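First comes the structure, then the notes that go with it.
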Amino acid sequence: MTDDNELRLRREIVEVSQAMAARGLNRGTSGNVSARLGDGLLVTPSGVVPDQLTPDAIVLLDAQGGAPPGLLKPSSEWRMHAGLYAHRPDLNAVVHCHSRHATILACAGRAIPAFHYMVAVGGRSVIPLAPYRTFGTAELAAAVAKALDGGFACLMANHGQIVGASTLAKALAIAEEVEEQAAVYWGTLAIGGPNILDDAEMAAVFAQFRGYGQGG
Ligand SMILES: [Zn+2]
């Protein structure tokens with residue numbers, strides 16, 4: 001039976017998938033989106049373009065990837081999503097995409113250093129790069145979980161980017177900012193490279209972030 005929370009998450013996953021396509025973070029069927037639900041997760045199906053996605057097409061999996069019969073196949077990257085939920089109780093939503101500039105850097109083997117204060121949206125002074133592993137494998141899931149460590153975002157070598165957050169809206173916003181930071185960093189590399197902010201400046205940014213918004 002589908003409860004209100006599950007239905008809300010199914011709708012939000014569709015909205016986030018369509019927003020990723022609309023904002024140019026994704027093309028075709030390459031991205032995937034999930035949300036934690038109880039001990040399992042809801043994840044986008046394999047091979048459905050965001051335009052044609054509906055809430056009932058979102059696949060419910062248990063933590064081992066088991067699904068009730070008769071559903072669409074889950075995203076081939078479901079292990080990556082399930083692995084992050086298993087490692088990180090603070091994450092309730094995961095967004096993965098092949099956004100262009102993040103992917104350019106990932107294919108060049110570059111993490112994003114502290115060249116701009118907004119790199120901090122990833123939760124650390126650097127947006128790290130997970131090593132390359134074949135898509136869809138448990139090895140890739142482990143590499144991503146390790147690279148994400150205590151942060152919210154990482155690049156994935158020769159692949160793309162992945163973001164985990166407490167909500168789907170936050171995960172989408174961080175993925176969009178990671179792509180923007182990747183684009184600007186890429187631009188600085190074309191004109192001799194960026195000036196890097198030092199640890200003290202980045203510590204001040206994190207202090208500002210903690211005081212920013214409501215109740216800080
Ligand atoms: Zn991918």
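Not measured: the values here are computed from a predicted model.
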So does R100 have more than 12 non-hydrogen atoms from other groups sitting under 6.0 Å from CZ?
no
Just do the salt bridge (charged side-chain N to carboxylate O under 4.0 Å, His left out) check on R11 and E15 with the steps written out, would you?
CA-CA 6 Å; R11 286 184 179 138; E15 286 166 13; over 6 Å; no
In this structure, CE of M20 is separated from OG1 of T44 (nearest 0.5 Å) by 8.0 Å
For atom CZ of F135, is the number of surrounding heavy atoms from other residues, nucleotides or ligands below 6.0 Å larger than 12?
no
Side-chain heavy atoms of I174 within contact of V178, under 4.5 Å:
yes
Show your reasoning for whether side-chain contact (heavy atoms from CB on, under 4.5 Å) applies to L41 and R36.
CA-CA 4 Å; L41 65 155; R36 185 196 296 274; 5.6 Å; no
Would you compute the distance between atom CZ of F206 and atom OH of Y117 and round it to the nearest 0.5 angstrom?
12.5 Å
V205 reachable from I127 in the ILVMFWY side-chain graph, under 4.5 Å edges:
yes
Minimal heavy-atom distance between P50 and S17, with the atoms involved, is CB-O, 3.6 Å
Cut-off 3.5 Å, side chains only: do Q161 and S99 have a donor facing an acceptor?
yes
Should the heavy atoms of other residues, nucleotides or ligands under 6.0 Å from NE2 of H98 be counted, would the total exceed 12?
yes
Are L9 and L37 side-chain neighbours, meaning at least one heavy-atom pair lies under 4.5 Å?
yes
Can you name the nearest heavy-atom pair linking P131 to A157, along with the distance?
C-CB, 3.9 Å
Just how far is it from atom CD of Q18 to atom CD of Q52, taken to the nearest 0.5 Å?
10.5 Å
Atom CG of residue position N195 - does it have more than 12 heavy atoms of other residues, nucleotides or ligands inside 6.0 Å?
no
Is E176 salt-bridged to R23, going by a charged N under 4.0 Å from an acidic O?
yes
Report yes if the side chains of I58 and P45 come closer than 4.5 Å at any heavy-atom pair, otherwise no.
yes
Hydrophobic cluster identity match, V126 and L105, side-chain contacts under 4.5 Å
no
Membership question, hydrophobic clusters at under 4.5 Å side-chain separation (ILVMFWY): are M118 and V163 in the same one?
yes
Got V33 and V94 here, is their nearest side-chain heavy-atom distance under 4.5 Å?
no
Can you see which heavy atom on P74 is nearest to which on S46, and at what distance?
O-CB, 3.3 Å
Step by step, would you call F152 with R124 a side-chain contact (heavy atoms from CB on, under 4.5 Å)?
CA-CA 8 Å; F152 305 114; R124 286 165 293 176; over 6 Å; no
Within this structure, what is the OG-CG distance for the pair S166 and L91, rounded to the nearest 0.5 Å?
8.5 Å
How about H81 and H96: are their ring centroids closer than 6.0 Å?
no
Taking side chain as C-beta onward, heavy atoms only, is L129 less than 4.5 Å from I112?
no
Within the structure provided, determine whether V59 and L61 are in side-chain contact (heavy-atom separation under 4.5 Å).
yes
Would you say V144 ends up clustered with Y132 if hydrophobic residues are merged whenever their side chains have heavy atoms under 4.5 Å apart, either directly or through other cluster members?
no
If hydrophobic clusters are built from ILVMFWY residues whose side chains come within less than 4.5 Å, do L189 and I196 share one?
yes
Taking the side chain as every heavy atom from C-beta outward, state whether R79 and Q64 have any atom pair closer than 4.5 Å.
no
Tell me whether the count of non-hydrogen atoms from other residues, nucleotides or ligands lying under 6.0 Å of CG in D90 goes above 12.
yes
